[in-house]
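In this text, all values refer to a predicted model and were calculated from it rather than measured experimentally. Lettering of chains follows the sequences in order, A, B, ..., and the numbering in each one begins at 1.
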Amino acid sequence: MARLKEIPSFLLGEVKLMNPYNTKEIERIEKKWQKAWEQKQVFKTGEEKDRPKFYCLEMFPYPSGKIHMGHVRNYTIADVIARFKLMQGYNVLHPMGYDAFGQPAENAAIKHKSHPAEWTYRCIDQMRTNLKRMGFSYDWDRELATCDKEYYRWNQWIFLKMLEKGLAYKKASSVNWCPSCETTLANEEVIQGQCWRCKNNVIQKDLEQWYLKITHYSEALLEDLQKLNQWPSRVLAMQENWIGKSYGVEIYFQMVKTGERLPVFTTRPDTIFGATYVVLAPEHPLVKSLVAGTDREKDILEFVEKAGQMSKSMRMSGDLRKEGVFTGQYAVNPVNQEKIPVWVADYVLMDYGTGAIMAVPTHDQRDFLFAREHALPMRIVIQDPERPDLRVEDMTEAYEEEGVQVHSAQFDGMTNEEGKSKIAQWMEKEGMGRITVYWRLRDWLISRQRYWGTPIPVIYCPSCGIVPVPEDQLPVELPEDVQFTGEGGSPLSQSAGFVRVSCPQCGQDARRETDTMATFFDSSWYYLRYISPRDTGRVFDKEDAAYWMPVDQYIGGIEHAILHLLYSRFFTKFLKDLGWISFDEPFDRLLTQGMVLKDGEVMSKSRGNTVDPDAVIAKYGADTLRLFILFAAPPEDQLEWNDHAIDGSWKFLSRVWNIVHNKHHPVDEQYSFAALPGDAKELEQERNFSIKKISEDISQGFKFNTAISQIMILMNRMEKFSVEDQPVRQAVLNKAIETTVLMLAPLTPHICEELWQKMNGAEESVSRVPWPSYEEGSLIKDVILMVAQINGKLRAKFEVPADMPEDELKDMVLADETIQRHLAGKPVKKFIVVPEKLINIVV
RNA sequence: GGGCAAGUGGUGGAAUGGCAUACACGCAGGACUUAAAAUCCUGUGACCGCAAGGUCGUGUGGGUUCGACUCCCACCUUGCCCACCA
């Protein structure tokens, strides 16, 4: 009964029983063909390497239970592409798996006093059942789950290779810590100061942790974005911003008191003559020594402590009020030997640049606000050439536009654009600084203090230090003897059998690493494992990878635009350097599908506005659900779920069902296009045009919605067409019906298999029948519709022979009564003819 | 503050320089029916008009063009992403 309540009223009951394509029949057909596909291994990946390949990949799901509409949309889009390519004769690789490690499994284990593996594998079973019910064309023999030890051993292998190459390293630093998840987080996992998973505020904590040196590939990760011309531009923009390359100058200030050198980074060397103070981040290592023993020491240290206690989100949130204190010390500006005050303020961040800045309040809004608040001096060094009388007293905000250098010694009068490079070069030559590049991208923190992940395969030995687990001892398996209480820190550290180990090098008592890897590690290379998922001796088969990779089409949500896609690109570059692959980028073409909305809001459990795909299938079947999802919006746009509109998709499929059963009658009759009578010729023309349009719509931009509408147009015409007991007309209609079923096959495979079999008695799956082709000659029309405009306004329409010469056309149009009336005797200035489209008369 | 999308009937959407609103949903009317459901047919941007027909109309204001939903400039609104990044 509880389950009934969850099902919205529009899904109760069955579709109309009077209709032959009814709920019971649909269920029968879909079950029948799903079974047949499995038994005959219809979607087993081909071994023929001489055929052109197509690797169709969708982002694998986190197995949290039932699939939701977002999955259905993602995987339906991918399935149509995979099936379309199969019919076009490609050797298709279309795998599915589960991103199965992660916190929800561990939380479920704590709650139910069980084991994360239990919950995870139960969810996987549920998900597999759901996916199969959708009729997706996966090669199930390649299914994988990242929590299988046969998968994660290769995580460990890759990690060890990175360790060997110096790309995995351990360091102590201030890290992002989620108090609720009790674990560290990567920068990419902190969204506006909050944990990406649980949304709690993230705090900073000093810990020693494992990092991957993704910054080793900063330049390549940025540069190679140019190769990804089949990725959405917004994803490219997001990655570019995240990598964040800034050209600038590191300028060396000198502390008056200690003589120490203080490098600051700026992208605006043209404003150096306007620097009126210097600011250090509260965490800057120079702060303590600078104020030691001065009367300001107490105040400063108090401020530093206060800033340190604030979480990143608090520090960055709200009104952006800038707090700071004067250190009582001064630094020398190298370009003019000016002594300027040194401040400590929380608007300067330690983890970017050098952790110190030169402040130019006149030309930087943040510095301007801080300077106004603390009554610090200002000096204008860039003037607006339009109104060159800007004065500090009149300023209400910083002047950040382009302009001309003033008060800048020998650089006065230059445009600041010129000043930027001239000043930078001069400073470098004089030893006052160096031209350099700073990146926003940070190394990737992968240690997690959780159980349900890949154990990091290292051992700590009192004598040998950090010792990698030898390859032949992989995998380091997760221990079973662990209690999930949610207390006392990392569960692995409580398993004595796991922690205590002898050193692989010297044999003495040692300790295992108890942190596990971030789950994004697992998903950074799974597309390679699909290539040889059962290979027990290697991470993947090199030769097979050379054939299948890169992925031709990747489909998934925009939420992975930075994290997963950036990490995967990093892994690809690393594996290339290792000599395992020879390409630079893993995903050739990327499609980010839009979200599924209901009542204008994203469909989600927390909003309580979800529609269960399974309940929709129970009433309408998978084919109707697939068709609706594809028809309602272009794949990249948001999709507004409509309880009523799904009925329309079902109705259309029943029309297809009925036309095959009622109007398709085999005849032994050949026909030639040219000899066909009028409306039969038109139907044949529409059929050919439909093949052309639908093929283009699917292959150029996945416009399934317009492809479907063209099938509907063809359908409407077929239903109006009357055979009149003539075998030729029957043959034309048969051909159109068969073509319709073939073109629908990738979209609604179950019904099409059934209808194809009915029409042909064929044994072969419709998914292996070649995609229909069209005749250019059958597209040419004898009579075309021309529209006539006067001054761009539509006035009349003419049906004319396609080959009518222009001057005849002109005479005809000008002689027309309606045209004459609108011309009202005005002289014709111009007569424009757009062939096969329109005529515009300018008066 | 920066970046990227998008703005079209009652609704989802189509048209990327050439008939604005294809296709569908919804709605209205009709046929069939004792009745309903299902199915089929017709209509459906707004305004004026009995009609023929006309005027207006793709967020707003300009521009380019014989012709603009489409291209250019400015602005408004919404969504998403990033953000004291020096």
Original post:
Does a donor on one side chain and an acceptor on the other come within less than 3.5 Å for A:Arg626 and A:Thr748?
Top reply: no
**OP:** Sort out the partner of B:rG1 for me: Watson-Crick or G-U wobble, both distances under 3.5 Å, none otherwise.
**Re:** B:rC82
**OP:** State which of B:rG13, B:rG18, B:rG3 makes the closest approach to the side chain of A:Lys837.
**Re:** B:rG18
Original post:
Across the strands shown, which category fits A:Ile832 at heavy-atom distances under 4.0 angstrom: base, sugar-phosphate, nothing?
Top reply: base
Original post:
The side chain of A:Arg795 lies closest to which of these nucleotides: B:rU55, B:rC19, B:rA24?
Top reply: B:rU55
Original post:
Counting any heavy atom closer than 4.0 Å, what does A:Asn716 reach on the DNA or RNA strands: base, sugar-phosphate only, or nothing?
Top reply: sugar-phosphate
Original post:
Given B:rA86, is OP1 or OP2 found less than 4.0 Å from the side-chain N or O atoms of A:Ser246?
Top reply: yes
Subject >> Nucleotide of B:rU39, B:rC82, B:rC25 approaching A:Trp650 most closely (side-chain heavy atoms) >> reply: B:rU39
**OP:** Report yes or no: do A:Ser246 and A:Tyr352 form a side-chain donor-acceptor pair below 3.5 Å?
**Re:** yes
**OP:** Measure from CG on A:Asn241 to C1' on B:rC81 and round the result to the nearest Å.
**Re:** 9 Å
**OP:** State whether A:Asn791 places a side-chain N or O below 4.0 Å from either non-bridging phosphate oxygen (OP1 or OP2) of B:rG67.
**Re:** no
Original post:
Just checking A:Gly244: base, sugar-phosphate only, or nothing, at a heavy-atom cut-off of under 4.0 Å?
Top reply: nothing
**OP:** Quick one: look up who B:rC56 pairs with, Watson-Crick or G-U, both distances under 3.5 Å, and put none if it's unpaired.
**Re:** B:rG45
Original post:
With both distances kept under 3.5 Å, what pairs with B:rA24, Watson-Crick or G-U wobble?
Top reply: B:rU11
**OP:** Name the closest nucleotide to the A:Phe631 side chain, picking from B:rG3, B:rC23, B:rC84.
**Re:** B:rC23
Subject >> Where A:Phe273 and A:Val381 come nearest, the two heavy atoms and their spacing >> reply: C-CG1, 3.6 Å
Subject >> Flag for A:Tyr438-A:Glu250: side-chain donor and acceptor within less than 3.5 Å >> reply: yes
Original post:
Checking all strands, does A:Pro232 fall into the base, sugar-phosphate, or nothing category for heavy-atom contacts under 4.0 angstrom?
Top reply: nothing
**OP:** Could you check which of B:rG12, B:rC23, B:rG3 has an atom nearest any side-chain atom of A:Glu640?
**Re:** B:rG12
Original post:
Can you tell if the side chain of A:Leu445 reaches within under 4.5 Å of the side chain of A:Asn176, non-hydrogen atoms only?
Top reply: no
Original post:
Heavy atoms under 4.0 Å, any strand shown: does A:His822 hit a base, just sugar-phosphate, or nothing?
Top reply: sugar-phosphate
Original post:
What is the distance, rounded to the nearest whole Å, between atom CZ of A:Arg366 and atom P of B:rG1?
Top reply: 14 Å
Original post:
Is A:His644 near enough to B:rG12 that one of its side-chain N or O atoms lies under 4.0 angstrom from OP1 or OP2?
Top reply: no
Original post:
Is the base of B:rG43 syn or anti, if syn means a glycosidic angle within 90° of 0?
Top reply: anti
Original post:
Can you find a donor-acceptor N/O pair under 3.5 angstrom joining the side chain of A:Lys797 to the base of B:rC19?
Top reply: yes
**OP:** Would you indicate what A:Leu785 reaches in the nucleic acid, counting non-hydrogen atoms under 4.0 angstrom: base, sugar-phosphate, or nothing?
**Re:** base
Original post:
So, is A:Asn658 close to the B:rU39 phosphate, meaning a side-chain N or O under 4.0 Å from OP1 or OP2?
Top reply: no
Original post:
With both distances under 3.5 Å as the test, what is the Watson-Crick or G-U wobble partner of B:rU34?
Top reply: none
**OP:** Could you tell me which nucleotide pairs with B:rC19 by Watson-Crick or G-U wobble geometry, both distances under 3.5 Å, or answer none if nothing does?
**Re:** none
Original post:
Out of B:rC81, B:rA14, B:rA86, which has the shortest distance to the side chain of A:Leu349?
Top reply: B:rA86
**OP:** Tell me the partner of B:rA51, counting only Watson-Crick (N1-N3 plus N6-O4 or O6-N4) or G-U wobble (N1-O2 and O6-N3) with both under 3.5 Å; none if nothing fits.
**Re:** none
Original post:
Which listed nucleotide (B:rC84, B:rA14, B:rC23) is nearest to the side chain of A:Asp346?
Top reply: B:rC84
**OP:** Mind checking A:Gln638 for me? I need base, sugar-phosphate or nothing, with any heavy atom below 4.0 Å counting as a touch.
**Re:** sugar-phosphate
Original post:
Just how far is it from atom CH2 of A:Trp641 to atom CD1 of A:Ile629, taken to the nearest 0.5 Å?
Top reply: 6.0 Å
Original post:
Looking at B:rC66, B:rC40, B:rC82, which one has an atom nearest to any side-chain atom of A:Arg440?
Top reply: B:rC82
Original post:
Is B:rC69 paired to anything, Watson-Crick or G-U wobble with both distances less than 3.5 Å, and if yes, which nucleotide?
Top reply: none
Original post:
Rounded to whole angstrom units, what separation is found between the CE atom of A:Met350 and the P atom of B:rA86?
Top reply: 16 Å
Subject >> Short side-chain N/O contact from A:Lys793 to OP1 or OP2 of B:rC56, under 4.0 Å >> reply: yes
**OP:** Check the pair A:Glu696, A:Lys703 against salt bridge (charged side-chain N to carboxylate O under 4.0 Å, His left out), reporting the backbone distance first and the verdict last.
**Re:** CA-CA 9 Å; A:Glu696 285 171 1; A:Lys703 294 184 272 182; over 6 Å; no
Subject >> Selection from B:rA5, B:rG18, B:rA83 that lies nearest to any side-chain heavy atom of A:Trp242 >> reply: B:rA83
Subject >> Per A:Asn705 side chain, nearest of listed nucleotides B:rC25, B:rC81, B:rA14 >> reply: B:rA14
**OP:** Could you pull out the closest heavy-atom pair between A:Asp443 and A:Ile214, with the gap in Å?
**Re:** OD1-N, 3.3 Å
Original post:
For A:Lys720, which contact category applies under a 4.0 Å heavy-atom criterion: base, sugar-phosphate, or nothing?
Top reply: nothing
